[in-house]
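Down below is the structure, laid out as structure tokens.
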Amino acid sequence: MRIVIADDAVLLREGLVRLLSEQGHRVVAAVGDGDALVEAVVTHRPDVSIVDVRMPPSHTDEGLRAAVEARRLVPRTPILVLSQYVEVSYADDLLDTTGGGGGGIGYLLKDRVAAIDEFLDALTRVAGGGTVLDPEVVGQLFARRRRDDPLRHLTPREREVLALMAEGHSNTAIARTLVVSDGAVEKHVRNIFTKLDLPPDTEQHRRVRAVLAYLRD
């Protein structure tokens, strides 16, 4: 894959460059601020970009805002955001860019990079148009949901399935995790779509919309 990296921490940035290069990927740009990220995405049209939330000058949300701008200029360009902490409002802003069914969004805590296989798997899924969220992000977003949301109609098992969907797992992976058949998972997914009143559409589009429903307040 052709990858852009945006992180002002030189050690982490160079570490990612080395890790990805050793895996056979090509890092087409490694930058340290939001403006440079946007420029790199527009110029190189990478398969995926890895972006730190906090970058200069204020070290608040420059990386996230740059990622949103990159998605505006290059629609559906895959973005995997890394953050030191769970910052729910930032995750919401990023998910807002999936309007129209465009996935290719990930939000992981930086600690996950140490689990190399899991990190590379998440990166691959995001590059392929999937939506991948850190389990801790999912948990905190789940806690913010309104009590009167449409998800109250879901069964406990359907909630489990939807939570795993939010983490970016396929039906087969969900079946393996829950120790059930693929057919059982497919039935749960159909029920979720029905209960959330998601009309027939592409499977990926409906999965993204279901995840958004799960995460919204």
Side-chain angles (χ1 to χ4, degrees), residues 48 64 68 71 76 78-83 85-109 111-112 115 117-217:
V48 63
L64 186 281
V68 171
R71 294 266 294 185
R76 302 189 181 187
I79 300 281
L80 175 61
V81 167
L82 299 179
S83 180
Y85 310 102
V86 178
E87 306 187 68
V88 173
S89 62
Y90 296 161
D92 273 342
D93 288 343
L94 188 65
L95 286 165
D96 281 340
T97 69
T98 60
I105 286 294
Y107 189 112
L108 295 180
L109 295 183
D111 289 347
R112 306 294 177 191
D117 289 343
E118 293 180 15
F119 169 69
L120 293 173
D121 178 63
L123 188 65
T124 300
R125 281 186 279 156
V126 170
T131 301
V132 178
L133 299 174
D134 194 288
E136 290 191 34
V137 175
V138 171
Q140 292 205 23
L141 288 168
F142 177 85
R144 296 177 63 220
R145 291 200 322 241
R146 292 191 301 264
R147 295 180 61 184
D148 62 346
D149 66 41
L151 301 177
R152 68 187 184 278
H153 300 297
L154 300 185
T155 66
R157 177 61 86 183
E158 288 164 357
R159 288 172 180 261
E160 286 183 291
V161 170
L162 186 50
L164 290 168
M165 285 171 59
E167 292 174 20
H169 297 292
S170 66
N171 285 0
T172 299
I174 293 172
R176 186 166 56 248
T177 299
L178 297 180
V179 195
V180 298
S181 69
D182 286 1
V185 172
E186 291 172 4
K187 180 179 178 181
H188 289 313
V189 170
R190 286 196 301 270
N191 289 341
I192 290 167
F193 291 159
T194 299
K195 292 180 179 180
L196 297 182
D197 195 26
L198 297 176
D201 204 333
T202 63
E203 176 75 8
Q204 180 61 30
H205 189 178
R206 289 210 291 177
R207 288 178 82 90
V208 170
R209 292 179 64 188
V211 168
L212 290 174
Y214 176 76
L215 298 176
R216 286 290 176 259
D217 278 339

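Since we're looking at a predicted model, the values are computed, not measured.
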Rounded to the nearest 0.5 Å, what separates atom [atom1] in [X] from atom [atom2] in [Y]?
X    : Y    : atom1 : atom2 : result
R190 : E158 : CZ    : CD    : 11.5 Å
R71  : I105 : CZ    : CD1   : 3.5 Å
L109 : D134 : CG    : CG    : 4.0 Å
H153 : N191 : NE2   : CG    : 13.5 Å
Y107 : L80  : OH    : CG    : 11.0 Å

Item to check | L123 vs V48 side-chain heavy atoms within contact, under 4.5 Å | outcome: yes

Quick one: side chains of residues 172-179, donor-acceptor pairs under 3.5 Å with protein atoms, not counting sequence neighbours, listed by atom name and distance.
from, atom 1, to, atom 2, distance (Å)
T177, OG1, A173, O, 3.0

Checklist entry - Backbone N or O of E186 within a donor-acceptor pair of the N171 side chain at under 3.5 Å? => result no

Next on the checklist: Let's go through T155 and K195 carefully: what are the C-alpha distance in whole Å and the side-chain angles of both, what is the deciding distance for side chain to side chain contact (heavy atoms under 4.5 Å, CB included) to 0.1 Å, and is it a yes or a no?
Outcome noted: CA-CA 10 Å; T155 66; K195 292 180 179 180; 3.8 Å; yes

Checklist entry - So which heavy atom on P78 is nearest to which on V126, and how close? => result CB-O, 3.5 Å

Item to check | Intermediate values then yes/no, side chain to side chain contact (heavy atoms under 4.5 Å, CB included), L108 and E118 | outcome: CA-CA 11 Å; L108 295 180; E118 293 180 15; over 6 Å; no

Next on the checklist: Would H188 and V180 count as a side chain to side chain contact (heavy atoms under 4.5 Å, CB included) here? Give the steps.
Outcome noted: CA-CA 11 Å; H188 289 313; V180 298; 5.7 Å; no

